[in-house]
> 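One structure follows; several queries about it will come next.
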Amino acid sequence: MPTLTRRSLLAGSTVAVLAASAPGAEPVAAAAPPAGQQAPGIYRYRIGAFELTALYDGIWYRPITDKFIRNAPFAEVERALDAAFMPHDKLATPFTTLVVNTGAKIVLIDTGTGGQIAPTAGALRDNLAAAGIAPEAVDLIIISHFHPDHINGIKDKDNALVFPNAEIMVPAPEWSYWMDDANMNAASADEKLTFRNQRRIFSDIAKRVTRFEQGKVVTPGIETLPAPGHTPGHTVFAIHSGDRSLMVLSDTAQHPAVFARHPDWQATFDVDGDAAVTTRKRLFDRAAADRMLVTGYHFPFPSCGHLVKTASGYEHVPAEWQPAL
Ligand SMILES: [Zn+2]
């Protein structure tokens with residue numbers, strides 16, 4: 001086998017440059033045209049007897065300003081973004097929903113953007129189809145909290161239900177907070193948009209929505225845990241089957257390169273920043289100590305891995321792709 005040295009690589013690239021710039025040289029036609037589009041965003045894994053399918057809905061590059069983190073100077077935030085190879089004016093915000101086939105039910109945890117938030121998101125239905133899961137087959141939708149990127153996929157742009165046979169379960173304190181008109185009237189103009197969107201999604205289907213108390217097992221093997229801060233009723237899920245467990249962290253932290261490494265940071269989108277930090281540290285400490293597999297809604301796809309405690313925060317270690325289930 002010939003040895004590839006830096007010198008031979010450089011020599012090779014010089015030849016390529018010379019060939020490309022030679023007078024009269026025609027561009028070489030590729031043997032096959034490029035695909036020009038991404039492959040489906042699906043990743044399967046198992047927790048005990050449960051089969052899980054992570055489904056990518058897409059990504060939003062959320063515009064940010066120097067006010068993005070309430071309790072850190074922007075220069076520090078810029079250093080964290082640099083360390084994560086991210087621009088300074090946008091936060092990479094991927095969306096990954098999770099289907100759990102418990103054997104008894106097909107459960108969907110959070111529903112994606114419904115194609116109503118960013119042109120680069122809204123792929124959930126295509127990825128569901130690529131995974132061989134019909135929307136009609138979903139028995140139960142469980143919602144972590146009421147921000148639009150988690151609930152908008154319940155309906156399409158014309159307000160029709162995307163998953164017509166699914167029971168919808170939502171955290172009771174989340175419903176109490178956001179569906180309260182006094183809270184809406186007291187909110188800022190921006191927040192009022194969030195309140196109005198929740199009414200668009202839920203008002204005419206309120207009868208089919210079940211409110212659960214946090215701490216309850218909502219279906220065998222899926223336990224709900226209170227995780228207040230990001231929103232008042234924000235909920236995390238512990239999925240148990242056999243001797244295996246997974247913690248579904250929802251929005252306990254957004255991109256881990258920013259918020260796991262800097263767990264004290266309070267983002268402008270957290271309703272109660274102090275509570276969000278307390279919740280994040282409590283759950284991350286538990287996941288790190290127990291070496292639990294975790295998934296986060298805004299972690300890079302397929303978003304499952306582990307959290308390791310470091311001197312100043314936590315590091316997310318992505319799981320290896322598993323070729324066999
Ligand atoms: Zn979110």
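Just follow the structure's listing: the first ligand is 1, and inside any ligand the first atom is 1.
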> Only N/O/S atoms count here: what is the atom of Asp251 closest to the Zn ion (ligand 1) called?
OD2
> Can you sort out the partners of Trp60 under ring pair (Phe, Tyr, Trp, His ring centres under 6.0 Å), two or more places apart, ordered by chain and number?
none
> If the cut-off is 2.8 Å, does any N/O/S atom of His150 fall short of it from the Zn ion (ligand 1)?
yes
> Indicate the ring-plane relationship of Phe95 and His298, choosing parallel, tilted or perpendicular according to the 30° and 60° boundaries.
perpendicular
> Anything under 30° is parallel, anything over 60° is perpendicular, the rest tilted; go ahead and classify His145 against His230.
perpendicular
> Is any N, O or S atom of His298 under 2.8 Å away from the Zn ion (ligand 1)?
yes
> What I want to find out is whether Lys155 reaches Asp204 closely enough, with some N-O distance under 4.0 Å, to be called a salt bridge.
yes
> Looking only at N, O or S atoms, find the one in Asp149 nearest to the Zn ion (ligand 1) and name it.
OD2
